[in-house]
Engineer: 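Before I ask anything, let me first share the structure, which is written out below as structure tokens.
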Amino acid sequence: MQPPFLTSAPAKVILFGEHSAVYGKHAIAASIHSLRTYLYVTSTADNAITLNFPDIKLYHTWESSSLSKIPSPSASIKIDDTIDQQVAEQIQNLIRESNIVDPLHTNAAFCFLYLYKCLIPNTSSLKFTMVSTSPIGAGLGSSAAVSVALSYAMLQLANQQTNKKLINKWAFVGEKCIHGNPSGVDNLVSTHGGAILYKKGTEAKLLDLSNNPLEILLTYTKVPRSTKTLVSNVRQLYEIYPDIITPVLDSMDSIACKASHILTQNEPDFQPIASLVDINQGLLQSLGVSHEAIAKICLLSEQLHIGPTKLTGAGGGGCTLTLIQDSTNLQKFKETLTNTYGFDTIETQLGGDGCLLVSNDDLNGGVIKQLDKLFEESKSNKVDRDIIDSLLLPGPNQKLPWK
Ligand code: PMV
């Protein structure tokens, strides 16, 4: 497909099974429809590739001559999702030569360039501008949404027959570039949307939560952390104490399986789910991935009788989810989290669309002008979430023909 066009992918929340998912245990995750990443692909006349990722302040242009020096990953590597280490090394060299040093920038650039080399190695004169309404590095799968949006866009540019399986496959490769050894749950749920029961290497099971719309409050602690570091800390613990950590991971597996059984029944019974949230948080804490800020939210939700809280995503800060069992003190809970601790609270519904596309055929001149303006403005000023949503958010009142 020729530019301009747009792709989009949602953030996600892991209800149960973060970290244990990396060890092949079950996890339950759901997409968050309204928190999305949007990628706008446009043509340029400069025989170069430009990245505008204002949310992380990454702006860079590579001449096609410098990109063409890097070989493409070998065909066999392209089939089995592994990262071609020789190509990876050359890309890392280019990133260093480009004076890109911030870890957030190097990860994003590596993900972009590796997918570029795999999928559209001979293309140039393109600009990729990305904006997101989801907090970055918060445990809500922002990197997976970025990988999915990039994978979808590059498959379109490569004129490949796209389906969700292929988009997810390349998004997983992108996630590997960012996280090293991801479980694959984030990219899967961001690609497909809805809610899933996931186990690495097996077919994911789609969960219908329509009988059990969980009421959840997400809290963003704003404490920065790195998924890669937290996952590798757990790995170290596992390697030192395999006989102690294995049962912890097995318990997390049982929690995810039990929860998926309860959540898909006709008669909702939240009490066991509440116990499972509590137990899962205790187990995550024992793996060393909780944080003082998370502990404060757990305590407050208990004191105000809201319901149990657990971290979601990699932990170490990031986000928590609180199961709202009793909303009597919900306002006070939210106010204290915001005013006393400086956290953000996010009320949102779980599930909804996975990755989506607005093709160039569906964009008229007027809309392109609006998109150019919004994405251009995003380069210099943080564009308000409401403004992004009003033009880009898919849904019943959508302005763009998302498919
Ligand atoms: O914090 P996030 O959104 O990057 O989630 C990571 C989830 C982990 O289970 C910790 C890692 C993984 O790859 O599944």
Side-chain angles (χ1 to χ4, degrees), residues 9-32 35-37 55-56 81 83 103-104 107-108 111 132 134-149 168 171-191 196-202 204 218-238 245 248-249 251-253 255-256 280-281 283-291 293-294 310-321 346 348 350:
K12 66 91 213 346
V13 63
I14 297 183
L15 297 173
F16 298 102
E18 46 277 273
H19 288 287
S20 48
V22 174
Y23 299 79
K25 312 295 177 192
H26 287 91
I28 301 181
S31 61
I32 310 175
L35 299 182
R36 303 187 74 89
T37 293
D55 292 321
I56 59 167
D81 306 339
I83 302 289
L104 215 53
N107 284 340
C111 169
S132 177
S134 153
I136 313 281
L140 298 181
S142 55
S143 70
V146 166
S147 298
V148 173
N168 181 54
F172 185 47
V173 172
E175 273 283 87
K176 280 188 171 177
C177 295
I178 299 174
H179 291 314
N181 182 26
S183 65
V185 62
D186 287 14
N187 46 281
L188 190 77
V189 79
S190 183
T191 302
I196 55 163
L197 177 66
Y198 175 80
K199 185 174 153 73
K200 203 173 175 174
T202 65
L218 298 174
T219 304
Y220 178 31
T221 63
K222 301 183 194 163
V223 177
R225 82 294 174 282
S226 143
T227 298
K228 199 174 189 171
T229 309
L230 287 152
V231 168
S232 101
N233 292 351
V234 174
R235 173 69 62 186
Q236 273 179 29
L237 207 58
Y238 173 78
I245 301 301
V248 173
L249 302 171
S251 290
M252 290 176 163
D253 185 61
I255 289 174
N280 202 159
Q281 170 59 20
L283 294 170
L284 286 161
Q285 196 168 344
S286 75
L287 294 181
V289 295
S290 195
H291 185 274
I294 295 170
K310 70 178 272 295
L311 67 87
T312 179
C319 279
T320 61
L321 66 85
I346 306 167
T348 183
L350 300 185

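Residues take their numbers from the sequence shown, with the count starting at 1. Both counts, for ligands and for their atoms, begin at 1 and track the order of listing.
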Engineer: Please check: side-chain N/O of Ser190 versus main-chain N/O of Ala11, any donor-acceptor pairing under 3.5 Å?
Structural biologist: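 Flag not set: sc Ser190 to bb Ala11 has no pair under 3.5 Å.
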Engineer: At their closest point, which heavy atom of Ile136 faces which heavy atom of Tyr220, and how far apart are they?
Structural biologist: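 Reported closest heavy-atom pair: O-OH, 3.7 Å.
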Engineer: Judging by distance only, is a nitrogen or oxygen of Gly184 under 3.5 angstrom from one on ligand 1?
Structural biologist: no
Engineer: Counting heavy atoms only, which of Arg225, Glu18, His179 is nearest atom 1 (O) of ligand 1?
Structural biologist: Arg225
Engineer: As an exercise, identify every atom of ligand 1 less than 4.0 angstrom from a heavy atom of Val185.
Structural biologist: 14 (O)
Engineer: So for ligand 1, is Ala314 a polar contact partner (N or O within less than 3.5 Å, distance only)?
Structural biologist: yes
Engineer: Look at the side chain of Tyr198 and the backbone N and O of Ser183, then say whether any donor-acceptor pair between them is shorter than 3.5 Å.
Structural biologist: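 Looks like yes, one N/O pair under 3.5 Å.
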Engineer: Hey, does the side chain of Asp253 reach the backbone of His26 with a donor-acceptor pair shorter than 3.5 angstrom?
Structural biologist: yes
Engineer: Between Thr219 and Thr320, is there a donor-acceptor pair closer than 3.5 Å when you use the side chain of the first and the backbone of the second?
Structural biologist: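 Answer holds: no.
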Engineer: Among all protein heavy atoms, pick out the one at the shortest distance from atom 4 (O) of ligand 1; state its residue, atom name and that distance to 0.1 Å.
Structural biologist: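 Its nearest protein heavy-atom neighbour is Thr227 OG1, 2.8 Å.
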Engineer: Do any nitrogen or oxygen atoms of His19 come within less than 3.5 Å of a nitrogen or oxygen of ligand 1?
Structural biologist: yes
Engineer: Do the side chain of Lys12 and the main chain of Gly139 share a donor and acceptor less than 3.5 angstrom apart?
Structural biologist: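 Yes, the answer is positive, given that a donor and an acceptor are paired below the 3.5 Å cut-off.
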Engineer: Just to be sure I read this right, does ligand 1 sit under 4.0 Å from the backbone of Lys12, its side chain, both, or neither, counting only heavy atoms?
Structural biologist: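 It is the side chain that gets close, since no backbone atom is under 4.0 Å.
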Engineer: How long is the gap from NE2 on His19 to CG on Leu249, to the nearest 0.5 Å?
Structural biologist: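 One gets 10.5 Å once the value is rounded to the nearest 0.5 Å.
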Engineer: I need the nearest protein heavy-atom contact for atom 5 (O) of ligand 1: residue, atom name and distance, please.
Structural biologist: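 Of the protein heavy atoms, Asp186 OD2, 3.4 Å lies nearest.
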Engineer: Could you check atom 13 (O) of ligand 1 against the protein and tell me its nearest heavy-atom contact, residue, atom and distance included?
Structural biologist: Ser183 N, 2.7 Å
Engineer: Of the side chain and backbone of Lys200, name the one, both, or neither that has a heavy atom under 4.0 Å from an atom of ligand 1.
Structural biologist: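 Neither; nothing of Lys200 gets under 4.0 Å from ligand 1.
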Engineer: Going by the order shown, which atoms of ligand 1 are within less than 4.0 Å of some heavy atom of Gly141?
Structural biologist: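 So the atoms of ligand 1 that pass are 3 (O).
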Engineer: Is there a donor-acceptor pair closer than 3.5 Å between any side-chain N or O of Thr37 and the backbone N or O of Ser132?
Structural biologist: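 Side chain of Thr37 to backbone of Ser132, a donor-acceptor pair under 3.5 Å: no, none is there.
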Engineer: Quick check on contacts: which atoms of ligand 1 are under 4.0 angstrom from a heavy atom of Pro182?
Structural biologist: 13 (O)
Engineer: May I ask you to check whether Ser143 and His179 show a side-chain donor-acceptor distance below 3.5 Å?
Structural biologist: yes
Engineer: Among all protein heavy atoms in this structure, tell me which lies nearest to atom 7 (C) of ligand 1, with the distance rounded to 0.1 Å.
Structural biologist: Ile14 CD1, 3.7 Å
Engineer: With sequence neighbours excluded, tell me which residues meet salt bridge (Lys or Arg N to Asp or Glu O under 4.0 Å) with Asp55.
Structural biologist: Lys382
Engineer: Can you tell me if Gly318 has a non-hydrogen atom under 4.0 Å from ligand 1?
Structural biologist: no
Engineer: Taking only heavy atoms of Gly139, which atoms of ligand 1 are found under 4.0 Å from at least one of them?
Structural biologist: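 Going through ligand 1 atom by atom, the ones under 4.0 Å from Gly139 are 1 (O), 2 (P), 3 (O).
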Engineer: Looking only at heavy atoms, is any part of Val22 under 4.0 Å from ligand 1, and if so is it the side chain, the backbone, or both, or is it neither?
Structural biologist: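 Val22 to ligand 1: side-chain contact only, backbone stays beyond 4.0 Å.
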